Participant: 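Input: one structure, supplied below.
All figures in this text were calculated on a predicted structure; none of them were measured in a lab. Here is the naming used below: chain letters follow the sequence lines, and residue numbers restart at 1 for every chain.
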Amino acid sequence: MPKLKYYQALTRALDEEMTRDPRVVLLGEDVGPSGGIFAQTRGLHGKFGPLRVRDTPIAENGFVSAAVGAAMTGLRPVVEIGFGDFLTCCMDPLVNQAAKLRYMLGGQIGVPLVLYTFAGGGLSAGPQHSQSLEAWFAHVPGLKVIMPATADDLLGMMKSAIRDDDPVIVLLGKKLIGSTAEAPVGEHLVPLGQALVRRSGRDLTLVTLGQMVPTALKAAEQLATEGIEAEVIDLRSVSPLDHATVAGSLKRTGRLLVVQEAMGPCGIGAEVVSEMAQHHFAHLRAAPVRVSPPFAPSPFTPALEAAYLPSPASVAEAARALVGERRAA
Amino acid sequence: MPKLKYYQALTRALDEEMTRDPRVVLLGEDVGPSGGIFAQTRGLHGKFGPLRVRDTPIAENGFVSAAVGAAMTGLRPVVEIGFGDFLTCCMDPLVNQAAKLRYMLGGQIGVPLVLYTFAGGGLSAGPQHSQSLEAWFAHVPGLKVIMPATADDLLGMMKSAIRDDDPVIVLLGKKLIGSTAEAPVGEHLVPLGQALVRRSGRDLTLVTLGQMVPTALKAAEQLATEGIEAEVIDLRSVSPLDHATVAGSLKRTGRLLVVQEAMGPCGIGAEVVSEMAQHHFAHLRAAPVRVSPPFAPSPFTPALEAAYLPSPASVAEAARALVGERRAA
Amino acid sequence: MLDRDRALALHRMMLLIRGFEQKASALYRDGRLPGFIHLSIGQEACAAGACAALEPGDWITSTHRGHGHCLAKGADPARMMAELFARVDGYSKGRGGSMHIADVAQGVLGANGIVGQSVPLAVGAAYSAQVRGERSVALAFFGEGASSAGAVHEAMNMAALWRLPVVFFCEANGYAELTPYEVHVPIESVATRAAAYGFPGQLVDGNDVTQVYAAVHHAAARARAGEGPSLIEARTLRWHGHYEGDPQSYKKAADKPGSNLADPIAIFGEKLRDFGIDAATDAEARAWATAEIERAIAFAEASPEPALSAILEDVYAGEAA
Amino acid sequence: MLDRDRALALHRMMLLIRGFEQKASALYRDGRLPGFIHLSIGQEACAAGACAALEPGDWITSTHRGHGHCLAKGADPARMMAELFARVDGYSKGRGGSMHIADVAQGVLGANGIVGQSVPLAVGAAYSAQVRGERSVALAFFGEGASSAGAVHEAMNMAALWRLPVVFFCEANGYAELTPYEVHVPIESVATRAAAYGFPGQLVDGNDVTQVYAAVHHAAARARAGEGPSLIEARTLRWHGHYEGDPQSYKKAADKPGSNLADPIAIFGEKLRDFGIDAATDAEARAWATAEIERAIAFAEASPEPALSAILEDVYAGEAA
Ligand SMILES: Cc1ncc(C[n+]2csc(CCOP(=O)(O)OP(=O)(O)O)c2C)c(N)n1
Ligand SMILES: Cc1ncc(C[n+]2csc(CCOP(=O)(O)OP(=O)(O)O)c2C)c(N)n1
Ligand SMILES: [Mg+2]
Ligand SMILES: [Mg+2]
């Protein structure tokens, strides 16, 4: 079977959608002739020309806002922001413009904008180049937010995002860039808003997302050798968030563990736990558990970063404690 | 007893701290000779002069970042951002600079910066002038976030914030501007990080914050006439968040209701509920409940905004259902 | 350049804007309009002159002070008034208010409550025209206060780099909120900044509608010919407060209400005869403007409030009623 | 203006920077440094010339490409190298890395990973000096890529309005990441932008340390005299990739490694004799630089990794070890 790398899935999604729809354009720093810092846009400038594939100046607020203006006037822009941390530089066009314009303009227009960026840690990139800020955007009505964790999901979800009539924030995992999946044959579309059960299990519901998916799966493998079967749910979309899939699993397992790379307070884990506590309280047979890094910036030091991020070992440990509680109960 | 208005508490806090400490300066749009759009800085420019009270150009990113630079080099700047919604325009200096510099510079410096802004809805100010974004900042290590709900708390917490060696985001309630409290006599300091039980009650723990405090208290009054005693906790600080006070109350009531003006997903309510679910599961005698506006921008239309925001009636309704569940149980 | 028809159209538009805003001011004072409103009374020559120099397929982006811009680009005063009244027939279905009026079909991409963002939004529209090979031009209205915003610099730089068909129209009305021009602009004129990007900049008298019209006409022609952006600064004065109800104590004496303020309508009124517009036509224009405002108010008053179900409408696609 | 001592100091500093970064490059290639590093090899005249023209009490803010700036302003190469090695004796206790090196006691307010933010941060330091009546000057290093950032415009405008003692030093090294100057700057020189704020701007040869020194010396004197900000653009070339490991296929032929690149050390080397610096002194300077690098590496290697408990240190005040 041919393989597809994560970053190539991005290129392929862009290529296919730009071929299909002439309104799709790509804007960002270094997306042009150079082909991008991770080779993620290689070939697109040559194929679609300098108007549709635009190297921007370093002006995130300006070019994201311009992309909103373009989206209001007939284009379907895709913008790249190199690192997720730089989203701090374009919050206004995303939150006060893209997210609200359909509403503010009484439905006269929509903003079919896609913004993708490489987020998350694990590469010793330090405090300003390792953050996971998905919760900010999940807090904002009018935006959709997705975090594909595999190359095939990236391909299929990116294509769906480009076809979506609302602004979609796509948070990609920097550490996943070289990961591979089987290359889907032909048109591959994955709908937004649907979680995926990546592993079935009866003992606990392990909800996770983005770069933590491989970590959670490794933890689950380890747990399986110990006789603990974790059901691993990859949220894939965090807004809208597929609470139904989580609740369905929780109903069977009665145990909820959420693992995220982002900071704990007001994170996606908080949302999942409180949604389940509020609406599926009766299914909770033990206290739900959140695993996230300590409340501190991401350290550059490799050893510290490894200890800071959830690991297969720390996730398995939390799962054991949760299931132990069951056994004790 | 002399009264103190909410906006006057701000002026008094600034006046007292600028008098006490020559390193304290004030920067913002229209904070100077005009005295501010709500008269909140009246008299300060005359008293402390044009260097220490600086009208800025409309350049939120620039002047907040400059305030960070000033805080690194010996000043203790206070900056005003007119409306909380414009925080989208200065996320980088807050999140990637102020919050992380102490850490990134290995403790060589701190960033004693205070940013205050008027947030929240209820004034028909529309989608771009009504937001409550506290959850974003509670998600960021290195920042402190407070939301004083009364004039005396504003005075005491603002003064503590100015004396704090870390960056503090102060989200004031636009709708509270004209509210009054008894004017504290003499030096009045309220520590950051401590919630306040505003009303005692045995039947449920009603956690709230900011502009929702008066709403919650009104709901509690109504409930009391029906024989339901709500314990109303004003969080006051959302980072750090005083989970201990909430847990102490929950232990007695077994019922948790969180009311917020901000959007539900990944909000402060999510954090409180999931923290209680994780660490105080045994105390929860019913499913915890969050009340927040529907997931949509804040409508300009007065009737719609009134229906959109939690009201004494909708809060009381949620409380009745929660307590009814107890009675049924 | 200005023939009789265009001159009359300019005159009528200034009267309409003035009438609309004076009425809005009165209604606001009477407590009939919710929220906040920002009026551009005294600045009518900017909106009227600039938009008259554009074509129907062109776009504008506007600010928190956008009534004049929207009217001049063709928005219906009735639907605008309905929006101020927060009624369902308003441009935002009554849920946006004064600061978010748009009429996309007329090329009005919207007033905007975030100072500065009108500028990159217009650049995006211009980019859109460039990609699709359309001949549309985008014009961004912004104030001298907004000229300090980073977004404006980023947008102008991009427009220059990409040679986009955009006109940057700085409507300098003497103040930004409660502070005067010189608190915001360290140089003689914002128009000077064009040199920072390599495109032409021009300072015009924003109270003279003919100057505004000529400058924008020239800039739009240039843009349409593929020669890239231009910057125009038009000097005028905000007669009212920043928002209605503003006590305006911060204003310089010469700028205060009651002073002898330059009136763009009167200034152009002096020239009407040169364009062959006689007193009867003038009177007719005034009557038309009054009738339009009356129509607008009747329409607004007759329009119902939005239903509560509208709270969740138009948040995402497919959620319209 | 440059006497022998200063000339020798400049020469030594350029050698130190070159040596430090060449060593860092080699160490990185060998997999001994974690994360990413951005080198300024070929740009030494900018860092050395600019910082030599400042006084000890002055401040600089730097960028992601900050090793040269930090060294030139007096940071200790040993503590810097320890930071690159992620060791506890590094300036950030090993938790920041190359992009966050600072030595506040020496006036180095820090490298910074967010393009553009060095500029308003420096403006804030200058404001701090102004308020406290100190004679310190702040100098902001930034690249031509950063010149497009809104934060830079906002900062320059503020500095002009408030007449702050700040020097804006645009170190234009031909590229921003993978794209050349002309993708970012639509005009001949970023220095032209000074006119947009009403302060002086000057373009200098950034490979000629004497030009850099003279320009900054002049600008700093002006700032210290209360005459406000200046903008200097220094043209140089980034010899290496954007980051170490960058294949650099996007570079113009004349800028590629292996081409005959202008070498600021060699250029100044030609002039050493004029300053009374003989070959022996030159050799001594080179030996000193080499010894400093060796000392730095020995220090770094001897320094332990931070303890795991350091994860929560320095997040808030009172949380130091
Ligand atoms: C980003 C942002 N900052 C601040 C404000 C508050 N504000 C509203 S209007 C205004 C002044 C704008 O001045 P100018 O651009 O000259 O326009 P004018 O009001 O004079 O038409 C300010 C500061 C805002 N709406 N958005
Ligand atoms: C706000 C922001 N956007 C993008 C980046 C990614 N980035 C890092 S360096 C760089 C290029 C900077 O170019 P320039 O200012 O010329 O500095 P140089 O790298 O040439 O020293 C970019 C785009 C960033 N770090 N911060
Ligand atoms: Mg103005
Ligand atoms: Mg560069």
Side-chain angles (χ1 to χ4, degrees), chain B residues 22-25 27 48-52 54-77 79 89-90 92-93 95-113 140-144 164-167 193 239-240, chain D residues 59 61 83 88 90-97 99-105 107 109-114 116-117 119-134 136 138 149-159 161-162 164 312-321:
Chain B
R23 298 169 305 172
V24 179
V25 297
L27 298 157
F48 301 105
L51 289 184
R52 288 182 66 196
R54 264 274 176 219
D55 272 333
T56 61
I58 305 173
E60 288 82 5
N61 187 341
F63 71 75
V64 175
S65 184
V68 173
M72 292 173 78
T73 52
L75 296 184
R76 301 181 76 87
V79 296
C89 299
C90 53
D92 197 77
V95 172
N96 281 328
Q97 313 299 334
K100 298 183 172 55
L101 275 162
R102 179 188 294 280
Y103 181 93
M104 293 191 298
L105 269 52
Q108 292 180 60
I109 49 99
V111 181
L113 169 79
V140 177
L143 298 178
K144 296 181 178 177
D164 200 280
D165 287 332
D166 289 310
S239 187
Chain D
W59 291 298
T61 58
E83 190 59 38
V88 76
Y91 275 111
S92 308
K93 302 184 182 169
R95 297 168 320 184
M99 254 186 300
H100 305 294
I101 291 173
D103 184 337
V104 176
L109 296 179
N112 207 304
I114 304 299
Q117 288 292 355
V119 184
L121 288 169
V123 164
Y127 168 67
S128 176
Q130 187 184 58
V131 169
R132 290 178 300 134
E134 285 192 2
S136 303
V152 172
H153 166 66
E154 296 188 350
M156 289 188 181
N157 192 49
M158 237 176 336
L161 286 164
W162 305 351
L164 295 177
L312 278 164
E313 249 172 52
D314 300 319
V315 181
Y316 292 98
E319 286 174 349

Participant: Provide the closest heavy-atom pair for G62(B) versus E154(D) in the form atom of the first, atom of the second, distance.
Facilitator: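 Heavy-atom minimum between the residues: N-OE1, 2.5 Å.
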
Participant: Please classify the contact between W59(D) and chain B as side chain, backbone, both or neither, with a heavy-atom cut-off of under 4.5 Å.
Facilitator: side chain

Participant: Using heavy-atom distances under 4.5 Å, tell me whether P93(B) contacts chain D through its side chain, its backbone, both, or neither.
Facilitator: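 Backbone plus side chain of P93(B), per the 4.5 Å heavy-atom cut-off to chain D.
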
Participant: Taking I101(D), V123(D), V104(D), V152(D) one by one, which has the highest count of heavy-atom pairs under 4.5 Å against chain B?
Facilitator: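 Option with the greatest count: V104(D).
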
Participant: Distance-only, no hydrogens or angles: does the Y127(D) side chain make a donor-acceptor pair with backbone N or O of L51(B) under 3.5 Å?
Facilitator: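 Confirmed, Y127(D) side chain pairs with L51(B) backbone.
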
Participant: Only pairs of heavy atoms separated by less than 4.5 Å count here; which of D165(B), I58(B), L105(B) has the most with chain D?
Facilitator: L105(B)

Participant: Side chain, backbone, both or neither: which part of R132(D) has a heavy atom under 4.5 Å from chain B?
Facilitator: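 For R132(D), the side chain is the part near chain B, not the backbone.
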
Participant: Return the minimal non-hydrogen interatomic distance between G106(B) and D314(D), and the atom names on each side.
Facilitator: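 Smallest heavy-atom distance, with atoms named: C-OD2, 3.6 Å.
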
Participant: Begin from the C-alpha positions of Q97(B) and N112(D) and carry the test side chain to side chain contact (heavy atoms under 4.5 Å, CB included) through to its verdict.
Facilitator: CA-CA 9 Å; Q97(B) 313 299 334; N112(D) 207 304; 2.7 Å; yes

Participant: Please report the interatomic distance NZ(K93(D)) to CD(Q108(B)), rounded to the nearest 0.5 Å.
Facilitator: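 Answer rounded to 0.5 Å: 9.5 Å.
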
Participant: Considering only heavy atoms and a distance below 4.5 Å, find which of D164(B), V25(B), L101(B) pairs most often with chain D.
Facilitator: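 Option with the greatest count: V25(B).
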
Participant: Where does R54(B) contact chain D at under 4.5 Å (heavy atoms): side chain, backbone, both or neither?
Facilitator: side chain

Participant: Given 3.5 Å as the limit, does a donor-acceptor pair link the side chain of S65(B) with the main chain of P120(D), or not?
Facilitator: no

Participant: List the atom of F63(B), the atom of M158(D), and the distance in Å for their closest heavy-atom pair.
Facilitator: CB-SD, 3.6 Å

Participant: Who among D103(D), L109(D), L121(D), L161(D) has the most heavy-atom pairs with chain B under 4.5 Å?
Facilitator: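 The answer is L121(D).
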
Participant: Taking every heavy-atom pair that is under 4.5 Å apart, which of A70(B), A71(B), P141(B) has the most such pairs with chain D?
Facilitator: A70(B)

Participant: Is the closest side-chain donor-acceptor distance between Q117(D) and N96(B) under 3.5 Å?
Facilitator: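 No, N96(B) and Q117(D) have no side-chain donor paired with an acceptor closer than 3.5 Å.
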
Participant: Among V68(B), D92(B), V111(B), I109(B), which residue has the highest count of heavy-atom pairs closer than 4.5 Å to chain D?
Facilitator: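 Top count of heavy-atom pairs under 4.5 Å with chain D: D92(B).
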
Participant: If I compare all heavy atoms of T73(B) with all of A125(D), which pair ends up nearest, and what's the gap?
Facilitator: OG1-CA, 3.7 Å

Participant: For L75(B), is it the side chain, the backbone, both or neither that has a heavy atom under 4.5 Å from a heavy atom of chain D?
Facilitator: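 Its backbone and side chain both get close to chain D.
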
Participant: Between Y316(D) and L143(B) (side chain of the first, backbone of the second, donor and acceptor by atom type, cut-off under 3.5 Å), is there such a pair?
Facilitator: yes

Participant: Is the shortest heavy-atom distance from the side chain of W162(D) to the side chain of P50(B) under 4.5 Å?
Facilitator: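 Side chain of W162(D) against side chain of P50(B), heavy atoms only: no contact under 4.5 Å found.
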
Participant: Please look at D166(B) and chain D and tell me whether the side chain, the backbone, both or neither of the residue comes under 4.5 angstrom of a heavy atom of that chain.
Facilitator: side chain

